[in-house]
Colleague: 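Can you read through this structure? Questions will come right after.
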Amino acid sequence: MTRIPEPVSTPEGPAYEGRLLDRPEEEVVDQGIAFDLGTLVSRRGVMSLLGLGTGAAVLAACTPSGSSTTASSTASASGLTEIPDETAGPYPGDGSNGPDVLEESGIVRRDIRSSIEGGDPVAGVPLDFTFTVLDMANGGVPMVGAAVYAWHCNAAGLYSMYSDGVTEETWLRGVQVTDENGEVTFTSVMPGCYTGRWTHIHFEVYPSVDDIEDSSKAIATSQMAFPQNVLDPVYELADYDGSASNLAQLSLASDNVFGDDSGVHQMGAFKGSVDAGYTSTLTVPIDTTTEPTAGTMAGGGGAPGGDRPEGGPGGDGGEPPSAPPS
């Protein structure tokens with residue numbers, strides 16, 4: 001029996017093969033013939049679902065597919081826009097500027113709230129975030145077996161392995177391998193906002209888990225942005241002291257990473273509340289035929305609070321506090 005295709009969540013709504021569903025409440029196969037024929041990259045799957053013959057296949061091949069482009073992104077015939085390349089920032093912990101958590105046993109894990117060696121989980125509002133990695137070079141299908149390394153600061157704006165007082169910690173860093181749907185999910189907490197950067201989560205995508213010990217093998221390096229209406233109630237909590245005032249000095253348009261397009265292609269879709277915690281999703285289309293332009297730091301790296309190298313094409317990584325709060 002043919003498996004009914006599942007849509008993926010995007011900030012604009014459910015989508016399949018890079019196209020928003022015309023009827024969001026209906027299954028993919030019930031979107032109508034215009035939607036099926038317009039989904040150029042999946043025409044083989046559509047033909048098998050609908051039982052159409054060669055003539056219909058030719059018609060589908062001649063039907064234009066919608067696409068969008070930005071100055072920093074690549075669009076393909078699938079209508080997907082490649083996730084923008086961004087700097088890995090000064091605190092990647094991937095060996096590109098010193099510390100390398102990707103060499104440690106136990107880095108492949110879903111729950112990243114504690115250090116790999118154990119210890120108490122970091123404080124903060126719960127967050128489960130999911131990345132759906134799509135292979136643009138093969139028509140926007142899920143990228144199966146890719147390794148996604150994600151990392152971010154804690155509620156106080158500190159990065160494990162770098163910030164003063166937590167250089168021996170490895171919390172809020174982890175790797176997951178994409179499943180048959182191209183998905184990885186991490187259990188974490190909402191990050192704080194530190195001086196100079198809009199709230200974000202860093203991530204790198206590697207062809208496989210065997211490649212993660214060499215940061216130069218990353219096929220994509222980017223960041224997920226957070227919407228302000230989600231951050232505002234979180235930053236009222238004591239654990240996030242200082243984040244509200246830091247965020248008030250910024251906007252998505254003025255941020256040195258998301259400012260190119262206000263993070264339109266990197267904005268996570270969020271559900272939840274401060275009391276219940278949040279879930280977020282982000283679609284990550286990757287074109288492996290293009291050369292990655294970010295992910296390494298020029299000139300090594302400095303610890304938070306000291307001299308830092310300049311970031312990659314997407315701008316630098318901001319400057320978190322040099323020591324944890326009292």
Side-chain angles (χ1 to χ4, degrees), residues 72 83-102 107 112 122 129 131 148-164 166-167 169-175 186 188-206 212 214-226 231 243 246-247 249-250 252 254-261 263 265-268 282 284 292-323:
S72 59
I83 193 77
D85 277 331
E86 306 290 6
T87 176
Y91 320 113
D94 61 2
S96 61
N97 69 345
D100 192 351
V101 74
L102 299 181
I107 188 59
I112 60 176
V122 296
F129 61 94
F131 295 141
V148 180
Y149 168 43
W151 72 97
H152 63 88
C153 69
N154 69 354
L158 306 180
Y159 281 91
S160 65
M161 306 178 71
Y162 291 86
S163 297
D164 291 349
V166 295
T167 55
E169 303 292 345
T170 54
W171 34 251
L172 304 183
R173 298 178 184 274
V175 172
F186 294 89
S188 189
V189 298
M190 295 286 286
C193 179
Y194 53 85
T195 304
R197 277 304 318 279
W198 190 267
T199 308
H200 60 282
I201 290 178
H202 292 270
F203 62 93
E204 294 173 336
V205 182
Y206 292 83
I212 63 174
D214 183 353
S215 62
S216 68
K217 292 184 178 180
I219 55 177
T221 302
S222 197
Q223 302 176 26
M224 180 176 75
F226 286 67
L231 295 174
S243 286
N246 289 335
L247 190 70
Q249 301 172 37
L250 301 164
L252 281 162
S254 68
D255 183 72
N256 59 17
V257 169
F258 300 128
D260 287 344
D261 58 7
H265 297 295
Q266 296 154 277
M267 181 61 67
L282 178 68
V284 182
T293 59
T296 58
M297 296 298 300
D307 293 331
R308 296 179 293 107
E310 292 300 317
D316 65 37
E319 190 169 349
S322 59

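Since the model is a prediction, treat every value here as computed from it, not as a measurement. Sequence positions, counted from 1, serve as the residue numbers for this chain.
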Colleague: Taking atom CG of Leu172 and atom CD1 of Ile112, what is their separation to the nearest 0.5 Å?
Modeller: 5.5 Å
Colleague: Got a donor-acceptor contact below 3.5 angstrom from the Ser160 side chain to the Trp171 backbone?
Modeller: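 Between the backbone of Trp171 and the side chain of Ser160 there is a qualifying donor-acceptor contact (under 3.5 Å).
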Colleague: Which atom pair, heavy atoms only, marks the closest approach of Ala150 to Phe131?
Modeller: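 Of all heavy-atom pairs spanning Ala150 and Phe131, the closest is CB-CE1, 4.4 Å.
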Colleague: Out of curiosity, Phe226 CZ to His152 NE2, how far, rounded to the nearest 0.5 Å?
Modeller: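 One gets 7.0 Å once the value is rounded to the nearest 0.5 Å.
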Colleague: Report the distance from atom CD of Glu169 to atom CG of Leu158, rounding to the nearest 0.5 Å.
Modeller: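 Here the rounded value is 11.0 Å.
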Colleague: Is there side-chain contact between Arg173 and Leu102, with at least one heavy-atom pair below 4.5 Å?
Modeller: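 No; the side chains remain at least 4.5 Å from each other.
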Colleague: Check whether Ser163 reaches the backbone of Tyr159 with its side chain - one donor and one acceptor, N or O, closer than 3.5 Å.
Modeller: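 Yes, the answer is positive, given that a donor and an acceptor are paired below the 3.5 Å cut-off.
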Colleague: Out of curiosity, His202 NE2 to Asp94 CG, how far, rounded to the nearest 0.5 Å?
Modeller: 11.0 Å
Colleague: With a 3.5 Å distance limit and no angle check, can you tell me whether Tyr91 reaches the backbone of Met161 through a side-chain donor-acceptor pair?
Modeller: no
Colleague: Which heavy atom in Ser96 sits nearest to a heavy atom in Ser215, and how many Å separate them?
Modeller: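 Distance-wise, the nearest heavy atoms are CB-OG, 3.7 Å.
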Colleague: Within 45° of the axis and under 6.0 Å from the centre of the six-membered ring of Phe258, does NZ or CZ of Arg197 qualify?
Modeller: yes
Colleague: Just so I know, are the side chains of Leu282 and Ile201 near enough to count as touching, which here means a heavy-atom distance under 4.5 Å?
Modeller: no
Colleague: With sequence neighbours excluded, what pairs up with Ser222 under the side-chain contact (heavy atoms from CB on, under 4.5 Å) test?
Modeller: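 So Ser222 forms a side-chain contact (heavy atoms from CB on, under 4.5 Å) with Ile83, Glu86, Phe203, Gln266.
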Colleague: On the 0 to 90° scale, with breaks at 30° and 60°, tag the Tyr149-Trp151 ring pair as parallel, tilted or perpendicular.
Modeller: parallel
Colleague: Taking all atoms of both residues into account, what is the closest heavy-atom pair of Ala155 and Ser243, and its distance?
Modeller: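 In this case the closest contact between Ala155 and Ser243 is O-OG, 3.8 Å.
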Colleague: For a quick test of reading the model, state the closest non-hydrogen atom pair linking Met267 to Ala225 and the distance between them.
Modeller: SD-O, 3.5 Å
Colleague: Any sub-3.5 Å donor-acceptor pair from Asp255's side-chain atoms to Trp198's backbone N or O?
Modeller: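 A pair under 3.5 Å: yes.
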Colleague: Kindly say whether Pro90 contributes a backbone atom to a donor-acceptor pair with the side chain of Asn97 at under 3.5 angstrom?
Modeller: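 Yes, because the side chain of Asn97 sits within donor-acceptor range (under 3.5 Å) of the backbone of Pro90.
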